[in-house]
Amino acid sequence: MSDSQQEHSWIREYWQGIESGEIIVGYYVREQVSRLVSELDNPAYKIDLHESQKRINFIEKECRHSEAPFAGKPFKLLLFQKAIIEAIFAIQRWNDELGRYIRKYQEIILVLGRKNGKAIDVATDIPTPDGWKKMGELQIGDTVFAVDGNPAKIITVSPVRLDHACYRVTFEDGATILADAQHLWTVTTKKKREPFVVSTVDMLEDFAHRRKDGKGTEYKYRVPVQLPVQYPEKDLPIPPYVLGLWLGNGDSADGRITGDADDIPFEIEQIRTAGEEITSHTNMRGACERIHVKNLSVKLRAAGLLKNKHIPQDYLQSSVKQRMELLQGLMDTDGTCSKAGQCEFVQKSRNVTEGVMELLDSLGIKNTVSEHIPTIDGRKCAKVYRVQFWTDKTRPCFKLPRKYNRLKERLAERMKNKSIRNIEFVQSVPVKCIGIDHPSHLYLAGRKFTATHNTPLASAISLSEWVCGEMGTKILYGSNDYDQADLLYMATDAMREAAPKLARCTRRNQKGIFWGGRKQKSHAGKFSYQNKGSIRKLSARTSAKEGKNIKVGIVDEVHEMKDNTLIMPIKQALSTQDEPIYIEITTEGFTDNGYLDERLMTARQVLEGEVEKDNLLIFWYTQDSEEEIWRDEKSWYKSNPTLGQVKKWSFLRGMVEDARISASTKAFVLAKDFNIKQNSAAAWLSADVIDNQETFDPKELEGQFYIGGFDYAETTDLCAAKAVFVNPWTLKKRCLGMYFIPEVKADAIIMDDNANHLNPEQKNYRAWADKGLVTICPGTEVDPAMVSQWYISLLRELQARPYKIGFDNWHAKQLKDNLTDAFGPEVLERVSMDFLSLNGAMASLESDLTYKKLNYNNNEMDRWCLSNTAFKLNNMGLKMPVKIWNQAKNRIDGTLGLLTAYAAYSRFSSTYLSLQKSIVPEQRG
């Protein structure tokens with residue numbers, strides 16, 4: 001035992017706390033720390049506590065936090081963090097080849113639970129179902145809007161925090177939000193289409209760059225444009241479409257509306273359809289005509305609109321259908337559509353223009369505004385405002401056919417996002433954070449309805465080695481993608497800049513972080529240009545030479561990796577070093593049979609003595625069982641060693657409560673907060689949840705409206721059509737459905753030679769057809785005419801009409817055309833098969849099945865499809881349906897049909913239910 005062994009050991013202190021029960025850890029951490037204590041007493045090892053303490057001192061004395069709520073404060077290591085650093089740097093073993101002691105642990109696996117959410121300015125406007133509120137006013141129990149447009153309860157509220165580093169974030173539509181340095185944003189990039197999380201400060205250095213062709217600036221980060229905000233339906237004095245016509249082409253002093261002679265007949269028809277009466281119709285000089293709407297002047301005066309044109313707040317916060325009709329009235333008069341499909345609204349009134357922008361924002365349509373002074377015959381006219389935006393025929397901003405026909409059939413995916421155009425440091429403001437009862441944890445903030453949302457230890461360790469280790473130390477950060485590696489790199493750079501001594505003698509450029517301050521080019525020694533050490537990040541663009549001869553390699557979030565493709569080049573680059581350090585830091589994840597599964601299997605074998613790997617250090621903070629999570633919250637420390645000090649009890653308690661009632665939230669929380677592996681091998685819904693023996697007579701639904709949904713992704717396979725009827729008084733749902741399958745597939749079970757190829761699920765579709773559950777289409781494909789005829793049969797036999805029919809665009813053109821001919825284009829509602837569109841629908845369907853609010857008439861094909869459905873989660877906890885892992889032969893088409901109907905219902909529930917109330921007597925269930 002060396003003299004240094006007599007010094008204080010953080011490993012021993014950590015072990016004493018574990019043994020006494022004061023510190024709660026799981027089995028794997030206990031095993032690792034026990035081994036470390038034994039090594040401290042083993043004469044075969046040299047224990048150099050000076051080396052570890054030197055790094056601990058550097059971190060605590062020189063490093064500053066860059067993340068809220070500790071931004072700017074000294075980095076005070078917790079006991080478990082000091083024990084990890086001591087294990088890495090103090091314990092040494094003899095190396096015969098080198099003839100000296102070297103560090104024993106050269107590979108480190110750190111598995112830790114995630115941290116908390118972040119804060120924004122307390123003065124930020126937040127949309128709520130009750131109107132606009134300031135962030136500072138919000139309390140637990142209040143309701144805001146989630147990113148999918150649906151209301152969500154606030155379940156956690158942080159204290160107001162002062163003196164945080166704050167930034168103004170500006171978006172392409174002109175929206176600005178003041179957020180602290182560590183506010184979390186859900187973003188995508190050109191190269192990474194799957195949403196990921198990044199903080200404000202992490203985006204600061206690379207949010208914009210010059211285009212390669214030199215033509216302007218390209219912006220890297222994009223946030224999602226939310227789905228339409230679901231305000232409740234309002235009892236409005238003037239039909240929204242009529243008000244839109246008047247705001248666009250009405251006389252400010254009375255109720256007269258003037259328009260093009262070719263358009264007025266159509267507008268009169270729409271006004272009458274809205275229940276209003278035309279009292280006069282006058283031909284004007286030229287190509288214009290003027291109409292009077294009965295009592296419109298009286299209603300406008302009562303609303304305070306005469307000689308004061310603006311959009312009243314009740315209209316801006318009405319249902320989606322009402323807001324769309326208001327927009328259509330405005331655009332049919334003062335709107336245009338270019339040949340390319342770009343829409344423009346032009347108005348002289350600033351008040352009306354601002355209302356139109358808020359209207360578009362609340363509908364999830366990104367827009368920009370500009371000022372313009374037109375000229376006529378060389379003479380300047382009054383200034384006008386031009387609001388430009390894009391939408392398509394699935395959400396038409398026009399009713400007027402000549403304008404509607406110019407709209408695109410479907411917008412490109414990039415139009416669903418808006419880019420971040422600027423991030424600038426501002427004077428600190430009070431900030432606050434909220435947590436919401438929604439799987440995405442994303443809420444809408446600001447007047448433009450913008451969606452908002454474990455690296456410090458790794459950054460501190462790597463910086464300490466860069467400073468305290470040998471001259472020329474090169475460090476490389478990597479992850480499954482460039483942006484994730486960038487998070488770790490930027491966190492390290494922020495920590496470097498926050499350390500005054502280190503900032504003076506180092507620099508950063510596009511290639512990395514290097515020694516030698518810009519004002520110290522003449523200096524010599526370790527902390528100068530003579531030191532060729534560097535810190536870089538690994539990406540697809542990183543050249544091979546940048547990955548050579550590194551001493552420290554750190555890989556973040558390895559749970560996303562399917563294999564070791566990224567890992568091996570880093571390990572190869574470390575192979576030339578005598579004492580390399582390779583660290584993997586991660587939470588658990590959802591990748592089946594991925595790289596982390598293999599690593600943790602090795603870790604388990606090492607800690608249980610089945611495999612010897614002397615250079616592997618494992619700090620695996622996880623639970624000993626899932627059951628203890630639900631019955632003993634003190635056990636949460638096992639996965640969250642910073643609980644109560646960094647991670648908030650209120651945050652974790654809120655997540656656990658959500659997990660008790662939602663299967664998908666449960667999977668996300670178990671993986672990210674408790675490091676218990678989740679995958680898609682298990683069913684989404686249990687048999688008890690799915691089972692519902694209730695039936696009903698379809699004739700009970702006569703004369704009602706329904707929300708439809710169909711899955712038509714595979715024309716050569718099983719397809720499903722659904723019609724969901726909602727009782728407006730009880731909100732209970734009844735579902736009628738029909739499946740469709742090609743004849744060749746239905747008969748495959750009878751034809752032995754084709755059975756495995758055409759009917760791998762081995763289901764007797766002919767038997768189901770005899771029960772009226774499936775329609776067999778002649779030939780090899782599902783006939784779209786037969787699908788549309790089923791919907792038409794509901795009208796013919798039950799006088800039941802669709803209010804909306806949700807669909808995915810894939811393979812559906814002919815079926816869409818048929819349904820448009822039968823019910824009109826406004827009935828169809830496109831539902832993309834993505835996380836954002838289906839997440840809320842899955843939560844609603846799960847809830848309805850759990851509480852037996854959905855009666856699917858005991859349809860055994862529905863039960864089969866639901867039981868085959870699993871879910872996958874993205875890194876924000878949003879879910880979408882997939883087939884149960886390793887059961888690709890089974891079908892989930894019925895589930896997809898239901899989910900498209902549920903998604904459409906969520907967007908139009910208020911107006912649909914109001915319509916149903918006029919049909920369904922209150923006593924009926």
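Position 1 is the first residue of the sequence, and the numbers go up from there. It should be emphasised that the depicted structure is a prediction, and the values quoted were computed from it without experimental measurement.
- With Q623 contributing its side chain and S635 its backbone, the two residues share a donor-acceptor pair below 3.5 Å.
- When all heavy atoms are compared, the tightest approach of D578 to I102 is O-CD1, 4.0 Å.
- Side-chain atoms of R536 never come within 3.5 Å of backbone atoms of G512 as a donor-acceptor pair (strictly under, hydrogens ignored).
- The aromatic rings of Y14 and F80 are tilted relative to each other, their planes meeting at an angle between 30° and 60°.
- K672 places a side-chain N or O within 3.5 Å of a backbone atom of E588 that can act as its donor or acceptor partner.
- Other residues, nucleotides and ligands contribute over 12 non-hydrogen atoms within 6.0 Å of the CD atom of E610.
- Within the model, atoms OH of Y621 and CG of L643 stand 13.0 Å from one another, a figure rounded to the nearest 0.5 Å.
- Looking at every heavy atom in both residues, G99 comes nearest to W94 through O-CH2, 3.1 Å.
- In summary, the side chains of E465 and T473 do not present any donor paired with an acceptor at a separation below 3.5 Å, with no hydrogens or angles considered.
- For E633 against W649, the heavy-atom pair with the smallest separation is O-CH2, 3.6 Å.
- If you check the side chains of T565 and D563, you find a donor sitting under 3.5 Å from an acceptor.
- For the pair K82 and E60, the salt-bridge criterion is met [side-chain N within less than 4.0 Å of a carboxylate O].
- Paired with Y582 under the rule side chain to side chain contact (heavy atoms under 4.5 Å, CB included), one option of I109, L616, L574 passes, and it is L574.
- Side chain of D493 to backbone of Y489: no donor-acceptor contact under 3.5 angstrom is found.
- Note on R12 versus E86: no salt bridge recorded, every NZ/NE/NH1/NH2 to OD/OE distance being 4.0 Å or above.
- Between I24 and Y637, the shortest heavy-atom contact is O-CB, 3.7 Å.
- With T622 contributing its side chain and F674 its backbone, the two residues share a donor-acceptor pair below 3.5 Å.
- Between N675 and S639, the side chains place no donor N or O within less than 3.5 Å of an acceptor N or O (distance only, hydrogens not considered).
- R93 places no side-chain N or O within 3.5 Å of a backbone atom of N615 that could act as its donor or acceptor partner.
- Among all heavy-atom pairs drawn from G478 and I570, the shortest one is CA-CD1, 4.4 Å.
- Relative ring orientation between H8 and W10 is described as perpendicular, the plane-to-plane angle rising above 60° on a 0-90° scale split at 30° and 60°.
- The environment of K571 atom NZ is dense: over 12 non-hydrogen atoms of other residues, nucleotides or ligands sit within 6.0 angstrom.
- Contact record, I11 with V37: CG2-CG2, 4.0 Å, taken as the closest heavy-atom pair.
- Using modelled atom types, one side-chain atom of N640 and one backbone atom of W636 make a donor-acceptor pair closer than 3.5 Å.
- Side chain of S34 to main chain of R30: no donor-acceptor pair is present (N/O by atom type, distance under 3.5 Å, no hydrogens or angles).
- Salt-bridge formation is detected for the pair R100/E579: a Lys NZ or Arg NE/NH1/NH2 atom is positioned less than 4.0 Å from an Asp or Glu carboxylate oxygen.
- One N or O on the side chain of T895 and one on the backbone of C865 form a donor-acceptor pair closer than 3.5 Å.
- With hydrogens and angles ignored, the 3.5 Å screen pairs a side-chain donor or acceptor of D624 with a backbone N or O of Y27.
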